[in-house]
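Structure first, commentary second.
For the single chain, residues carry numbers from 1 onward in sequence order.
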Amino acid sequence: MKSINDIKVDLEKNGYSWAPTYKNINEKVWSNMETYFDEDENVLSALWASFKRYEEDMIGIVFITSKRTFTIEVLDNENNTQIRYLPFDSYSLQKILVQYSKSDSKLNYVSLQNDSFGNGITFATPNKKVLKHFVDTLKGVTGGEIEILPDSDDPLLAENEKEQLIDENLEKAKENKPRKREEKHEEQEKVQESPMWKKSSFNNEEKEVPLKLVIEKRPKKSKLKSEYANKWKTKLWLLWFLLPISLILIAIVIIYILRSAI
């Protein structure tokens, strides 16, 4: 954490020597800002100004350091003392508009815009030297285009932001795109039906297909084979009956022959 004295020393090293003298910035912001700084960062510039945030009147300081860019701000009324810390990316700035006042009694403006529609925020300070130091420092930390407007005592961008500035080239491109598509669509020829399509027998409707049961026919056996087998089966039992009788008769004949030989 840097002390307030350390912050002043850093600013003086970078050619900045203007303490806030605008509204209550010195009491509400400057004296309560030390907790927002790291010891190892160098404070390069400080823009104390009034501005609007979400349609609310604010006062505060925009700081540029060696690490970051941010605002320390508070509502511009006597009752509120709550400080807000809001960092922003200086590299995202597309354009910076600067307008110095013609007379010393009027405010000087710087508008930080982050897109081609002019959306951003505009800071107003009564000190020209503070604004010049801030803008010169900002040149080294952003790639955004810086435009110096003619000196004027009129508020820049209606005291705050423009309402959706229209990029004419971008809008024309958007308008032409749908027309081109329509023309291309109209130019396409319709596909004509071929006469062969009507002759096609293809029909996508579901049809009921009758089921037929087909019984497989077995091949008939040859009559010759069946008849022979049947005959063989009917005479087979006679063979088994005559076999033992023939054996007995043979045995009797053998015995008879043997006895007669004796």
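Distance alone, capped at 3.5 Å, places no donor-acceptor pair between the N26 side chain and the T21 backbone. In this structure a side-chain-to-backbone donor-acceptor pair under 3.5 Å is missing from D6 to K2. N14 places no side-chain N or O within 3.5 Å of a backbone atom of Y16 that could act as its donor or acceptor partner. Without hydrogens or angle criteria, T125 side chain to A49 main chain gives no donor-acceptor distance under 3.5 Å.
Residue pairs meeting the salt bridge (Lys or Arg N to Asp or Glu O under 4.0 Å) criterion with at least one member in residues 126-136, sequence neighbours excluded: K132-D136, D136-K139.
Contact detail for T142 and S90: the closest heavy-atom pair is OG1-O, 2.7 Å. Taking each heavy atom of K102 and D151 in turn, the nearest pair found is CE-O, 3.3 Å. Counting all heavy atoms, side chain and backbone alike, L86 lies closest to E73 at CD1-OE2, 3.5 Å. The two residues S111 and L156 come nearest to each other via the heavy atoms CB-CD2, 4.1 Å. Heavy-atom minimum distance, I61 versus P20: CD1-CG, 4.4 Å. Pairing each heavy atom of S45 with each of T137, the nearest pair is CB-OG1, 3.6 Å.
The line from CG of D76 to CG of N24 is 7.5 Å long, rounded to the nearest 0.5 Å. Summarising the geometry, atom CG belonging to L93 is positioned 6.5 Å from atom CG belonging to L138; distances are rounded to the nearest 0.5 Å. The structure places OG of S152 at 10.0 Å from NZ of K106, a figure rounded to the nearest 0.5 Å. Separation of atoms CG (D57) and NZ (K52) is listed at 5.5 Å; rounding is to 0.5 Å. Expressed to the nearest 0.5 Å, how far CG of N127 lies from CG of L107 amounts to 11.0 Å. In this structure, M33 CE and I7 CD1 are separated by 4.0 Å, a value rounded to the nearest 0.5 Å.
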- [ ] Could you give me the CA-CA distance, side-chain angles and deciding distance for I64 and V141, then say whether side chain to side chain contact (heavy atoms under 4.5 Å, CB included) is met?
- [x] CA-CA 9 Å; I64 302 175; V141 296; 4.2 Å; yes

Task: Residues V43, K13; criterion side chain to side chain contact (heavy atoms under 4.5 Å, CB included); working and verdict - done: CA-CA 9 Å; V43 185; K13 288 179 181 178; over 6 Å; no

Open item on the list: Applying side chain to side chain contact (heavy atoms under 4.5 Å, CB included) to Y36 and E34, what does each step give before you reach the verdict?
Closed with: CA-CA 5 Å; Y36 297 97; E34 55 189 8; over 6 Å; no

Open item on the list: side chain to side chain contact (heavy atoms under 4.5 Å, CB included) for T71 and F123? Distances and angles first, verdict last.
Closed with: CA-CA 11 Å; T71 63; F123 299 94; 4.3 Å; yes

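Taking a cutoff of 4.0 Å between a charged side-chain nitrogen and a carboxylate oxygen, R68 and E41 qualify as a salt bridge. Under 4.0 Å is where a charged nitrogen must lie from a carboxylate oxygen, and between K67 and D38 at least one such pair does.
Aromatic ring orientation, F63 versus F37: perpendicular (interplanar angle above 60°, classes split at 30° and 60°). A perpendicular orientation is assigned to the rings of H133 and W18, their planes being inclined by more than 60° (bins at 30° and 60°).
Ring-centre distance between F70 and F88: not below the 6.0 Å cut-off.
With 3.5 Å as the limit, one finds no donor-acceptor pair spanning the side chains of N114 and S92. For the residue pair D153 and S101, no side-chain donor N or O sits within less than 3.5 Å of a side-chain acceptor on the partner. Side chain to side chain, S50 and Y22 meet the donor-acceptor criterion of an N or O pair below 3.5 Å.
Using a 4.5 Å heavy-atom threshold, the side chains of L149 and V98 count as separate. Side-chain atoms of I59 and V74, non-hydrogen and from C-beta on, do get closer than 4.5 Å to each other. Side-chain contact check for I72 versus R84: every heavy-atom pair is 4.5 Å or farther apart. For the pair V130 and W48, the minimum side-chain heavy-atom distance is below 4.5 Å.
Heavy-atom contacts from other residues, nucleotides or ligands closer than 6.0 Å to CG of D89 number more than 12.
With sequence neighbours excluded, no residue satisfies side chain to side chain donor-acceptor pair (under 3.5 Å) with T69. Residues passing the side-chain contact (heavy atoms from CB on, under 4.5 Å) test with K95, sequence neighbours excluded: L97, Q113, E145, E147.
Under a hydrophobic clustering in which Ile, Leu, Val, Met, Phe, Trp and Tyr are joined whenever their side-chain heavy atoms come within less than 4.5 Å, directly or via other members, I96 and I148 fall into the same cluster.
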